Amino acid sequence: MAAATGAGRLRRAASALLLRSPRLPARELSAPARLYHKKVVDHYENPRNVGSLDKTSKNVGTGLVGAPACGDVMKLQIQVDEKGKIVDARFKTFGCGSAIASSSLATEWVKGKTVEEALTIKNTDIAKELCLPPVKLHCSMLAEDAIKAALADYKLKQESKKEEPEKQ
């Protein structure tokens, strides 16, 4: 109980300190916000479709990819209905703002597409939409790779589903 009370006091003290600190005008708020395009900042501050789906489900494909050079790791999952349409998508990304934005945008774009249509999403399209600079193109490449990995996992599950003998 004492630890909970101490943590509460610490939280209140930190909040009070933050509230008393002088506020900077929005244009001077942070250097990273100035360096990223507003679309990246929007997806970073308001990420769409964060979370996980049941990876054991036969209609869920999971793609897990990483970039050793920068340490970004991206998990993207798709849920496909019986007609082959992607009805849901979720992501979890450990990385910079551009990696998070690329994941968020990718989940928005795959929803409503068929498995085959989702394969046509290219990193160049993601990079163009988010106005990524050349130094951040690897983030959009990770998103494309995550989509392809999730689709490959889904297709693999569908093949193994067909090979299973029917239970009677």
Side-chain angles (χ1 to χ4, degrees), residues 14-15 17-19 21-57 59-81 84-158:
S15 294
L17 183 62
L18 287 172
L19 291 173
S21 65
R23 299 280 182 200
L24 294 173
R27 67 184 186 292
E28 297 179 31
L29 191 55
S30 69
R34 285 194 313 264
L35 299 175
Y36 285 110
H37 190 274
K38 64 183 179 182
K39 291 180 182 181
V40 173
V41 174
D42 179 44
H43 276 277
Y44 175 76
E45 291 180 347
N46 307 293
R48 285 67 148 180
N49 309 306
V50 174
S52 294
L53 299 169
D54 179 9
K55 67 181 179 183
T56 62
S57 176
N59 65 335
V60 171
T62 302
L64 183 63
V65 296
C70 65
D72 292 347
V73 178
M74 191 177 290
K75 179 180 85 170
L76 189 140
Q77 294 179 297
I78 55 163
Q79 182 177 359
V80 184
D81 69 10
K85 185 173 270 194
I86 299 170
V87 293
D88 200 4
R90 301 280 175 207
F91 83 93
K92 284 189 178 180
T93 295
F94 177 83
C96 66
S98 296
I100 292 167
S102 295
S103 309
S104 176
L105 182 64
T107 60
E108 284 193 315
W109 280 5
V110 298
K111 281 185 175 182
K113 289 189 173 10
T114 65
V115 169
E116 295 308 314
E117 289 170 339
L119 280 171
T120 66
I121 296 172
K122 300 293 176 211
N123 73 293
T124 51
D125 301 327
I126 293 169
K128 186 175 180 180
E129 177 66 21
L130 294 173
C131 304
L132 295 179
V135 73
K136 293 294 185 177
L137 290 180
H138 67 280
C139 298
S140 63
M141 290 178 203
L142 268 181
E144 180 184 344
D145 291 345
I147 292 168
K148 287 180 178 174
L151 292 167
D153 182 54
Y154 167 75
K155 287 180 177 180
L156 188 64
K157 286 180 176 181
Q158 296 312 298

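Computed from a predicted model, the values in this text were never measured in an experiment. Computed over heavy atoms, backbone and side chain alike; hydrogens, waters and symmetry mates excluded.
- Between I126 and A106, the shortest heavy-atom contact is CD1-CB, 4.5 Å.
- For Y154 against V60, the heavy-atom pair with the smallest separation is CD1-N, 4.5 Å.
- Every salt bridge (Lys or Arg N to Asp or Glu O under 4.0 Å) that K155 has, sequence neighbours left out, goes to E116.
- When every heavy atom of T120 is checked against every heavy atom of E117, the shortest pair comes out as OG1-O, 2.5 Å.
- Atom NZ of K75 and atom CG of L64 lie 8.0 Å apart (nearest 0.5 Å).
- One distance of note links OG1 of T62 with CG of L53; it measures 7.5 Å at 0.5 Å rounding.
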Atom pairs and distances, side-chain donor-acceptor, residues 96-103, under 3.5 Å, sequence neighbours left out:
from : atom 1 : to  : atom 2 : distance (Å)
S102 : OG     : S98 : O      : 2.8
S103 : OG     : T93 : OG1    : 2.6
S103 : OG     : A99 : O      : 2.8

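- For residues 123-133, the set of pairs meeting the salt bridge (Lys or Arg N to Asp or Glu O under 4.0 Å) definition, not counting sequence neighbours, comprises K39-E129.
- The two residues L130 and V40 make their nearest non-hydrogen contact at O-CG2, 3.4 Å.
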Tabulate below the donor-acceptor pairs under 3.5 Å that side-chain atoms of residues 133-144 make, not counting sequence neighbours, or state none.
from : atom 1 : to   : atom 2 : distance (Å)
H138 : ND1    : V135 : O      : 3.3
S140 : OG     : N123 : O      : 3.4
S140 : OG     : L137 : O      : 2.7
E144 : OE1    : N123 : N      : 2.8
E144 : OE2    : K148 : NZ     : 2.8

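- Atom NZ of K122 is surrounded by more than 12 heavy atoms from other residues, nucleotides or ligands within 6.0 Å.
- For M74 against A146, the heavy-atom pair with the smallest separation is SD-CB, 4.0 Å.
- By the side chain to side chain donor-acceptor pair (under 3.5 Å) test, T107 is found to be paired with N49, residues two or more places apart in sequence or in another chain being considered.
- Looking only at distances, no side-chain donor or acceptor of K157 sits under 3.5 Å from a matching main-chain atom of G61.
- Remark: D81 pairs with no residue by the side chain to side chain donor-acceptor pair (under 3.5 Å) rule, at least two apart or across chains.
- Separation of atoms CD1 (I86) and CD1 (I147) is listed at 8.0 Å; rounding is to 0.5 Å.
- A search for side chain to side chain donor-acceptor pair (under 3.5 Å) contacts involving T124 returns nothing, not counting sequence neighbours.
- In this structure, the side chain to side chain donor-acceptor pair (under 3.5 Å) partners of D54, at least two apart in sequence or on a different chain, are T56.
- Residue pairs meeting the salt bridge (Lys or Arg N to Asp or Glu O under 4.0 Å) criterion with at least one partner in residues 89-115, sequence neighbours excluded, are R48-E108, D88-R90, D88-K111.
- The shortest heavy-atom contact between P47 and F91 is CB-CZ, 3.9 Å.
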